[in-house]
Protein chains: 2
Amino acid sequence: MSLYQTIKEALADLTFSSDTPGKLPSERQLQQQFNSTRVTVREALMRLEAEGVIYRQNRIGWFLCPKRLLWDPIQKVNFYQLAKNQGLKAKTELLTCKQTRASNEICQAFTLDKQSDFYEIYRIRYLDDRPVMVEEIYCPVQQFPGLTEKALDSSITTIFQDDYQVKVSHEQSDIIVTALPDNKAEQLNLNGGAACLKIIRKRFNEQQELVDYNIEYWLHSAIEMRVQSN
Amino acid sequence: MSLYQTIKEALADLTFSSDTPGKLPSERQLQQQFNSTRVTVREALMRLEAEGVIYRQNRIGWFLCPKRLLWDPIQKVNFYQLAKNQGLKAKTELLTCKQTRASNEICQAFTLDKQSDFYEIYRIRYLDDRPVMVEEIYCPVQQFPGLTEKALDSSITTIFQDDYQVKVSHEQSDIIVTALPDNKAEQLNLNGGAACLKIIRKRFNEQQELVDYNIEYWLHSAIEMRVQSN
DNA sequence: CAGTGGTCTAGACCACGAT
DNA sequence: TCGTGGTCTAGACCACTGG
């Protein structure tokens, strides 16, 4: 068996008895401990990261992954409720909210022309204070005047419903595995290139009109999906 | 911008005009071309792999990814039908089929004791002759006597229905992103450690009895999910 | 057999975080 | 300021693929 495999298994077995709980020893410490080089140690670490056992914070170190959030893409349960049901603390941070002209792709999805204005909302979501998701939300200004004034660090669905009487009745999600883009990784204080789940979600009102175009990047080790079909 | 980022973007722009269509130049060629080292070139390649742009076959080289198979985890469409609808050629290869005592986890799922015998079926699935998935299927011998004699390189669901009058009426899928385990990677002629979608699917008959326990590993770049909710 | 990717060594410099 | 991870160099040997 290769050396990095050995290191990987040894690390997986470790109780990671470091100063900070959940934090792994530094790469140079591991290199000495296993009498190897940083390249090889990092190979082992990156495998464990790919498996979803550990994750890294940019220039800080490697950490053990907590358990994944279980999510059913069919159920329209909001993030806070979902987290609470699973004993996790949810938090949302609003990064930016501005009025823009959106990309062609998004205009087309809304069947609006390129002159239309959209709100563009960037948010980060945390579970137990760990950043796990970054999202972009687009919705037409016309339909949601004054949206910037609302409490955008809460549930958008609730705002739609309570403040605008818009009820989401149908949604479609496209889900792929890809690498976290560098600009998104930066917002999460993580490294680009790590596996992530990219979810493009379109939500429609009762008249089947698109009201909300949402792009989410989930840290792959933070989420698990469960779906039922009858 | 870092060198491997530059290389990554240059590679992404390339039309990959190599001998074999879809195959990238060798790592040493790229190293010369970009006046760098293999480590750095491989960093760029692995990023592209993580993004789902290219994949590698063990000791053969790097290849461009064809388009992903679109899959709705709610619909119970069989693999051949799904592929055909999307203009892809599906193929299944039976690796092994044997009678065993299954693991505790699986016995428990079936609510059978540890003495029960199961069929254990290993298969590989191909799209346009590219291996994209490896699976393990467990089902109780008691319920499917003589299953080994059937054409196990076709649809199991069809065999259940036609040969055993067992109709799958309900199923549950757990889906996570993880790394392809080395033993599975080997069966696919791929490298361990690449991102994959692991799907654990339990299928039930009309009496809500578990009939089929299925573990699938999909090459992450080969699949995309789309779900609707009402 | 030549060429490929898989693994590994033993260094180096940098930007950034913690202190 | 010191230690961290992020990036990079310039090699090496091996197992395996393909001709």
Side-chain angles (χ1 to χ4, degrees), chain A residues 1-11 16 18-20 22-50 54-63 131 179-183 185-194, chain B residues 1-11 16 18-20 22-50 54-63 131 179-183 185-194:
Chain A
M1 190 165 58
S2 61
L3 179 52
Y4 78 82
Q5 297 276 18
T6 310
I7 298 178
K8 178 166 91 64
E9 297 193 0
L11 284 176
F16 300 138
S18 171
D19 348 299
T20 319
K23 187 172 188 301
L24 273 67
S26 79
E27 294 178 2
R28 284 172 179 84
Q29 275 178 48
L30 293 171
Q31 161 187 348
Q32 282 190 21
Q33 189 173 331
F34 293 105
N35 196 24
S36 178
T37 59
R38 264 185 78 205
V39 174
T40 305
V41 166
R42 283 171 65 84
E43 182 72 30
L45 290 167
M46 287 189 290
R47 289 282 182 130
L48 286 172
E49 182 189 37
I54 61 177
Y55 68 100
R56 55 177 155 171
Q57 284 180 35
N58 202 1
R59 292 177 196 280
I60 309 266
W62 298 85
F63 300 83
L180 196 57
D182 288 313
N183 59 338
E186 212 172 328
Q187 296 173 335
L188 294 171
N189 279 310
L190 298 173
N191 287 295
Chain B
M1 191 165 57
S2 61
L3 178 51
Y4 79 82
Q5 297 275 18
T6 311
I7 297 178
K8 178 166 90 67
E9 296 192 3
L11 284 175
F16 301 138
S18 169
D19 347 298
T20 319
K23 186 174 188 301
L24 273 68
S26 78
E27 294 177 3
R28 283 173 180 84
Q29 275 178 49
L30 294 170
Q31 161 188 348
Q32 281 189 22
Q33 190 174 330
F34 293 104
N35 195 25
S36 178
T37 58
R38 265 186 78 205
V39 172
T40 305
V41 167
R42 282 171 66 84
E43 182 71 31
L45 289 167
M46 287 189 290
R47 290 281 181 131
L48 287 172
E49 183 189 36
I54 62 177
Y55 68 100
R56 54 177 156 171
Q57 284 180 33
N58 202 0
R59 293 176 195 283
I60 308 267
W62 299 84
F63 300 83
L180 196 57
D182 288 313
N183 59 338
E186 213 172 326
Q187 297 172 335
L188 293 170
N189 279 310
L190 298 173
N191 288 295

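We name chains A, B, ... by the order of the sequence lines, and we start the count at 1 in each one. Please read all numbers here as calculations on a predicted model, not as lab measurements.
Here the P atom of nucleotide D:dT17 and the CD atom of B:Q57 are 11 Å apart, to the nearest Å. Atom CD of A:E43 and atom C1' of D:dG5 are 16 Å apart (whole Å). Distance, B:R38 CZ to D:dG11 P: 14 Å, rounded to whole Å. Rounding to whole angstrom units, CG of residue A:N189 and C1' of C:dC16 are separated by 12 Å. Atom CD in B:Q31 sits roughly 10 Å away from atom C1' in D:dT9 (whole-Å rounding). If you measure from atom CG of A:N191 to atom P of C:dG17, you get 12 Å, rounded to the nearest angstrom. The interatomic distance linking B:Q32 (CD) with D:dG11 (P) rounds to 13 Å, in whole Å. Taking atom CD1 of B:I54 as the reference point, atom P of C:dG5 lies 11 Å away to the nearest angstrom.
At the phosphate of D:dG6, OP1 or OP2 sits under 4.0 Å from a side-chain N or O atom of A:R42.
A donor-acceptor pair is defined here as one N or O able to donate and one able to accept, closer than 3.5 Å; no such pair exists between the side chain of B:R42 and the backbone of B:T37. The main-chain N or O of B:L45 is never found under 3.5 Å from a side-chain atom of B:R56 such that the two would form a donor-acceptor pair.
For A:S36, counting side-chain heavy atoms from C-beta on, the closest listed nucleotide (C:dT9, D:dG5, C:dG5) is C:dT9. With distances taken from any side-chain atom of A:W62 to the nucleotides D:dG5, D:dA10, C:dG5, the minimum falls on D:dG5. You'll find that the side chain of B:L3 is closest to D:dC8, out of C:dT4, D:dC8, C:dG6. The side chain of B:V39 has D:dT9 as its nearest neighbour among C:dG5, D:dT9, D:dG6.
If you check every strand for non-hydrogen atoms under 4.0 Å, A:S26 touches sugar and phosphate atoms only. Here B:S2 lies in heavy-atom contact (under 4.0 Å) with sugar-phosphate atoms only. When heavy atoms are screened at a 4.0 angstrom cut-off, A:R28 is found touching base atoms of the nucleic acid.
When all heavy atoms of B:L3 and B:S36 are compared, the pair lying nearest together is CD2-OG, 3.5 Å.
A side-chain donor-acceptor contact under 3.5 Å links A:E27 and A:W62.
In terms of position along DNA chain D, the nucleotide closest to B:M1 lies nearer the 5' end than the nucleotide closest to the other residue of the pair B:M1 and B:R59. Positionally, the nearest nucleotide of DNA chain D for B:R47 lies more toward the 5' end than for the other of B:R47 and B:I60.
Salt bridge B:D182/A:K8: absent, no basic N to carboxylate O contact under 4.0 Å.
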